[in-house]
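Notes to accompany the following structure.
Note that the numbering runs from 1 along the sequence shown for the chain. Quantities reported herein were computed from a predicted structural model and do not represent experimental measurements. Order of appearance sets the numbers: ligands from 1, and atoms from 1 within every ligand.
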Amino acid sequence: MHEAARRFGTPLYVYDAAELDAALGRVRAAFRDTRVYYAMKANPNLHLLRRLLAAGVGFECVSAGEIARAEQVGAAGERLIVNGPAKSAEEYQAGARLGATFIVDREEEVGLLPPGSRALVRVNPALEVSTHDHLATGAAQSKFGVSLAQVPGVLAALRAAGHTALGLHVHIGSAIRNADDFTAAFGRLRDLRAVTGPLEVLDAGGGWGLDADLGGIAREAHAAAAHFGAQLWVEPGRYLVAQAGTLLTQVVGTKHTGRDFVLVDAGMTELLRPMLYGAQHPVTALWEGRGQSVWDVAGPACESGDLLARAVTLPAPRPGDLLAIGEAGAYGAAMSSGYLTRSRPAEVLWTGEAWQLLRRRETPQDVWAAELTPEESQSAGY
Ligand SMILES: Cc1ncc(COP(=O)(O)O)c(C=O)c1O
């Protein structure tokens, strides 16, 4: 880690190839005979996508940009799902051109799908689940999916419109630790069997917490698919990449107000999850001894909420010391921003033998690249 920081600077996203392979291995071991679609929103780095595609994984895309990334790495047809609660005309067209399967999120979408589409219907099982409110997607009041009562009508409408209604999709949220939540969701779906009849596909989504009982979730998902006589598909994002990623940040200094702060060179612009979801990431000091005390880890943004962690026990920090923020491979770099004209960090991969630069650190010019000069603005003609 020290070598990576020296060579590439900080803040820096560091990925471990062995960890990436291990996570996919665990998924494959738990979910046999299952098609795996990586929810690329978790980390859309093209290099990671190429690795996963080569390992036989497909992609779930939720924007025109993500579809373009899939196309860029050569994914199409059976390797592609296009999802989203408010798809644009561009997304339908690009998905159709690449032969993707669409996930229908509302009844009106049946009339918007390109002719002859293959589609799954996203079901909202109306369940409260054990995760942060902003990460729950299967509650009755959430914006996702169609109600259980609407499912037969939407399947019938798809068929009547000449589309292929492959089956059902359910995704109840993210970072869910309690396997019982999945059991409950699959249970609600199973109740639909009497009205849907057998189906070709059951897509059980993703959302698996890093310490969730993967074997238990897999067993329940397989049982639900078998109940419909369906093939099982899954869409993990976080599980496949979170543990392989570390955000490396450097101590800038310390400050003592009502609390004791260690100020570091990464913050909400590099890792938004603590601020957005109250997410707790493991924080490891990469320096030796010198006593132990409790610190809040604060970033450089002029925002009170710009904290990466609260109340972590660390040896006395000095400028230049390195902190490793763990489990940062998912929704870390992906959610980094150019707010404050901060340059998004570089991303590097440890292959086991060497460091490989996957994405260079942005420059300020990269951040304002789409902004026009006065002359360009004049001639843009709006
Ligand atoms: C439909 C769908 N599938 C899969 C995922 C991946 O979730 P996770 O990264 O928690 O596995 C998401 C995340 O938002 C999603 O919305």
Mind jotting down which protein residues get a heavy-atom contact under 4.0 Å with ligand 1? Chain and number order, please. Ala39, Lys41, Glu60, Asn83, Arg122, His169, His171, Ser174, Ala175, Gly206, Gly207, Glu235, Pro236, Gly237, Arg238, Tyr331
Can a donor-acceptor pair be found, under 3.5 Å and without considering hydrogens, that links the side chain of His2 to the backbone of Leu322? no
Which hydrophobic side chains are connected to Val62, either touching it within the sub-4.5 Å cutoff or through other members that do? none
Which residues, ordered by chain and number, are linked to Val294 in its hydrophobic cluster, where ILVMFWY side chains connect at heavy-atom gaps below 4.5 Å, directly or through other members? none
Fit a plane to each ring of His222 and Phe31, take the angle between them on a 0 to 90° scale, and name the class: parallel (under 30°), tilted (30 to 60°) or perpendicular (over 60°). tilted
Checking one residue: Val367. Which other hydrophobic residues are in its cluster under the side-chain 4.5 Å linking rule? none
So do the side chains of Leu358 and Leu48 get within less than 4.5 Å of each other, counting heavy atoms only? yes
